[in-house]
Every structure is written in C-alpha cells, then in structure tokens.
Amino acid sequence: MSTTNLHMYALAAPLLTAFFVNIFGRRSARVVTTLVLGALSLAALTSLALLVRVLQSGAFSYTVGNWKPPYGIELYIDPMCALMLLLINLVALAAASAALKSTAQELPGRQHLFFTLYLILIAGLMGLSMSADAFNLYVLLEITSITSYGLIAMGRGRAVLSSFNYVIMGSIGACFYLLGVGYFYILTGSLNMADIASIIPGLQAGAALSTAFAFLMVGLLVKMAFFPLHGWLPNAYSHAPTGAGVMMAPLMTKVTVFLLIRLRFLMFPPEYEFFTRLEIRSLLVWAAAVAIVCASALALAQRDLRRMLTYILIAEVGYMVGGFWLANLQGMTGTMLHIVNDALMTLCLFLVAAAIVYRTGSLSFDSLQGLYRRMPVTMAAFTVGAFSMIGVPPTCGFFSKWYLILGGVEAGQWGYVAALVFSSLVNAVLFFRIIEIAYFRTGHGQEAPQLAEAPLMILKPLVLTAIALIAVGLGTGPLVSGIIRLSIPGGF
Amino acid sequence: MESVLSVIVAKYNYWVYVVLMMIGFYAMIGKRNLVKKLIGMNIFQTAIILFFVSTGVKRGGGIPILDKYEVLEHGVRVASVDNPLPHVLMLTAIVVSVSVTGVALAILQRIHREYGTLEEDEILEKIGR
C-alpha cells in the first residue's frame, strides 16, 4: 500500500462499500453492520495515517488519472484538509454506530438503502474537502446534496415535504455556485483553483471578479444555511431519520464553511482587493452578527430539543462565517478551530437526542422530565456538550470562542463580539432550562423511575465524543500551532 | 433608447439567460404548486446551461472535431472551432440536474401518496390539522 494514495483509499472505502451494502445488505442486518463499520473504520485509519504523513512531509497535490493540473482534476491536501478528512470519518463512524441502532428501530428492512446513501454521502463530503477544481467541487456538492435529499425523505411524516423544500433551496444554492464558476471560467479560462490564483493578479476586472466571487459566496451560504438563507435546515434536520440527522448536522454545514475558506485561500492572493476593502468585510461581519443574534433568539422559541439544536447550529454558522471575514489571523484560526469543535459538539448533542428518542420516542421539553434519573450517562454527556456549546473553559467550545473574540477585538468589530457574548448567554439559558427540566422536574407518575439507558451502540460513541470534547479543548495549543496555522497562507 | 437596444443586442445571450433565470426563480419562490416549483427549478438550471454553452461559441466557429492529419500538418486553427470545454461541463451539469429532478419527482410522488395533493397550501392545512 503506497502512502501517496492514502486519501484515495479513504475515499474509495465508503464509496465501494456502498454498492456492497446495497447488494448484500438486504439479506441481513448483520452484514450491513459489519460492512458499514468496517468501511468507516478503514477510512478513519487511513485518514489518520494521511494526517501523519501530511504533517511530516507537508501539503501535496494529487492529479486524478495523471492529467496535469490545469487540465485534469487536482486534489490538494494540506494539513487542515487532512484534519477535515479525519474529522469527517470519525464523526461518520460515531454517527453510524448510533444510526445502526436507530434505523433498526425506525426503518426496519430498509437499513441497507439508508446506509447506501449514508456511505455515498461520506465519500462525497471527503471529495469536497479535497477537491481543488472549481467545477469538480460543484459535482461533489450535488452528490452530497442528492444523497442527503434521499436520506431526509426516508423520515416519517413531514420529512418528505422538508426534503422537497431542501431540494429547491439546495438547487438554488448549487446553481448560484455554478454561475460563479462560469464567471470565473469566462475571466480566467481555467477551472483549477491554483491556476485561477496565478491568473487573477494580472486581470484588470475588479467588478466582474467580485461578482463571480459573490455568486460563489451566495451559493455556499445557502448550502451552509447562513441566517437569512437558512429556511430549509430546521425542518430538514429535525424530521430526518434520527441516524441521518446525527451525521448530517455535524458535517454538512461545517464542510461547506471549510469550502468557503478553501475557495478563498486557494483561488485568491491574500491581498486581493475585494477582501481588503473594509466596507465589504465589515458588512459581512455585521451580517454574521445579525445572523447569530436572530438564530439564537429563534432557538429560544423552540419547544423541542432537536429543533432547538438546529437553530443553535445556524447561529454557529454565523460564528464561523463572521470569524472568517474578520480576515485576521486570530479570526481565521478561531473559525478553523470552531469547525472541528462545532462538529464534535453538535455530534455529542445530536447523539444525546438520538439516545433519548430511542428510549422515549419524543424530544419535546415536557418528555424530558426526570431524565437524569433514568439516563444518567446520557445526560452527563449532554451536560458536557451543553457546557461546550456555552463555552465553559475546560471544554473545547471555550477555546474557539476565545480566538473568535480575540479576532473580533483585533479587527474592532464590536458588534460581532457582542453577538458572540449574547449568543453564549442565550445558549446558557437554553441549556440550563433543559438541565433544570431533566434534573429537577420529575414526571407526573409517582413511581420510582427505572433506569433505562440507551443501548451501548449509541452510548459508546456518545461517551467517547464527550471525552473528546474535553480532550480537544485541552489539546487546543498543539492543534492550532501544529495543524491549523500551517494551513493559513502567509499574508494574514 | 437606441444605445440601450444596441447594448442588449450585442450581448443578447446573457440577457436571455438572465430573463430565463428570473422566470425560473419566480416559479420556485412564487408558485404554490410543488410541480410548478420543480419546473421552475428546471428552467433555472437550463438558463445556466445556456449561459455556459453560449460562452464557448465563436463567430464562424465550427464543431470541435478535428482531422488528425490536418492538425499534424497545419496545427489547430483555434478561431475556427468552438471551445468544447463549456459543453463538456454542461454535459455533467445536465446529468446532475436530471438526477436532482428524478429525486425530486420521487419525493413528489411520496408527498402525493401521503397528503393526496401537491398544492402547498392544502398540504400545510392538512399538517396543521
């Protein structure tokens, strides 16, 4: 096994297994379990090896099918990209473990179909984070979207309608992205990001280039559910089958934010005029601040745990987009760190939601009463996840928020800093309300609540994620200096 | 007035794409029937395909199929052939949009089975009840 192709093995494992799951999975659920967990563990191990290799020998690019970069498709893997691959695979593995249990309950007999889509989605997400070709990115964006439409539509009740809304919104986003790619192609005659970056400094086309980038931005902002464009997300994620929500909520938005970072870093020189103009930057940061405040306020209005989490997710997208457009080293570091942390925090909280749904079948606040007695381990993990979302020091959520606030202060964007603090306070209110309901209010039945912990398949990844939240928090220093800073190009 | 007209005529392909895109966009946002929304989505995608394809066209350009021996002798006269790349890209984009349409139609079928209608208002009414 040659080490230059590690990322291709990571990509191929879920993609090929998807077909096998579809063919052999209908026989028995055991086969599905083995194949899915096997493929995802293999992918996680190879991406770990890939990360080690990238850290040792630096970023490298890979030409698919040996066509030279400006003409062929190029994959570019820098330390942050390798970290994303590892994150995607670990989250997918943890979520798959829980999804195997919850789909057995929710979609009996259709597990193999669910996991076929699941694995293709994972492969698509990995491809997205590697690709350095603008058009290839569009195709992969649509692969991930089409599979997620299918996954969401497998849910019950309103899920189909939410899925259709997502189809419409997702297509608008993808079309805008494609339009942006078209403008870039007209201007530069190239689709390769590195090639475009080398052509742009010689172009005398400020307005056209800005338009092109604006189209790309709007496309991605729709896909990542930035606040005013978020309409599709809450329904889609809260009506999807539990297993699908557990995987998509941590990954989809985070990978899209990563794409935004990548497009900006790979396609434009750091000093490009559109980004250094203060008005444009501060306009976007203000938009992010408004997004954070509005999404947090909407989260306050929810009476269902998973819907509340989806609105918090939208607020977190605001954190990352705003932090990125602060355009200084601290803000960028904070954004990249927050991608990792937020994926883990969201995973933790959605796993808790999956565990509760598995046992009680409902996530409305009323049904959470007395849960600390019945599911002590699950709720302990929930507390860790909640503290991380709020930003309490030993957990990882604190450190990325710290970087983001530092960046905001450095750039003088006080509105953004205030929005971050406001959102943290709202999160505190939200989570303590749930903790209060689940701990102090007992159910109306007077009988002693019996212990009903979630099955181990859900509990194990949950506990590991909760531990990871603290471990990543404690390891922030090496993570930032060893991986993230290496991926930010000079000039910031 | 004439100058406006000449601007429009000079780059009429872009105006066609903009108008088509707006029609599709309106259908997606404004129509209450889900099938009409889907058709709007298709118009939107077609507009972008037209936009891409029109960027590859040259005045007096032919189809980009070359005679091997002639190319070996004289080289490629770039001005005489259209740029094939946008067409190839759009081939992929058409495949993508066909798949999205397929998925969307399947979803619509399930919506119809579940609610017995494809009018958004009626569906929302049924959910609300």
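Order of the sequence lines sets the chain letters (A, B, ...), proteins ahead of strands, with each chain counted from 1.
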So which part of B:V103 gets closer than 4.5 Å to some heavy atom of chain A, the side chain, the backbone, both or neither?
-> side chain
Reported CE-to-OG distance for the pair B:M28 and A:S171, which is rounded to 0.5 angstrom | 7.0 Å
Separation of A:R158 CZ from B:I123 CD1 (nearest 0.5 Å) | 10.0 Å
Engaged part of B:L34 at the chain A interface, taking heavy atoms whose separation is under 4.5 Å = both
Interatomic distance, CZ@A:R156 vs CD@B:E114, rounded to 0.5 Å, equals 11.0 Å
Part of A:I186 lying under 4.5 Å from any heavy atom of chain B | side chain
Sequence neighbours excluded, the answer for salt bridge (Lys or Arg N to Asp or Glu O under 4.0 Å) partners of A:R306 is none
With a cut-off of 6.0 Å (strictly less than), are more than 12 heavy atoms of other residues, nucleotides or ligands near CD of B:E119?
-> yes
Does B:R110 use its side chain to pair, donor to acceptor, with the backbone of A:A153 at less than 3.5 Å?
-> yes
Are side-chain heavy atoms of B:F25 and A:I172 found at a separation under 4.5 Å?
-> yes
Enter the distance from B:I48:CD1 to A:L179:CG here, rounded to the nearest 0.5 Å.
-> 5.0 Å
Segment of B:L89 engaging chain A (4.5 angstrom heavy-atom cut-off) = both
Test item: B:I107 and A:L161 side chains (from C-beta on) under 4.5 Å apart, heavy atoms | no
Please assess B:E120 against A:F164 for the test side chain to side chain contact (heavy atoms under 4.5 Å, CB included), listing each intermediate value before the final yes or no.
-> CA-CA 11 Å; B:E120 206 177 20; A:F164 187 77; over 6 Å; no
Would you say the ring centroid of B:F51 lies under 6.0 angstrom from that of A:Y183?
-> yes
Residues 111-129 of chain A: residues contacting chain B (heavy atom under 4.5 Å, by number) = none
Who in residues 16-24 of chain B is close to chain A, using a strict under-4.5 Å heavy-atom cut-off?
-> B:Y17, B:M21
Can you tell if the side chain of A:V167 reaches within under 4.5 Å of the side chain of B:M41, non-hydrogen atoms only?
-> yes
Verify the neighbour count for atom OH of B:Y14: are there more than 12 heavy atoms of other residues, nucleotides or ligands below 6.0 Å?
-> yes
Closest non-hydrogen atom pair between B:F52 and A:V181, with its separation | CZ-C, 4.2 Å
Would you please go through residues 133-152 of chain A and name the residues with a non-hydrogen atom below 4.5 Å from one of chain B, in numerical order?
-> A:F135, A:Y138, A:V139, A:E142, A:I146, A:Y149
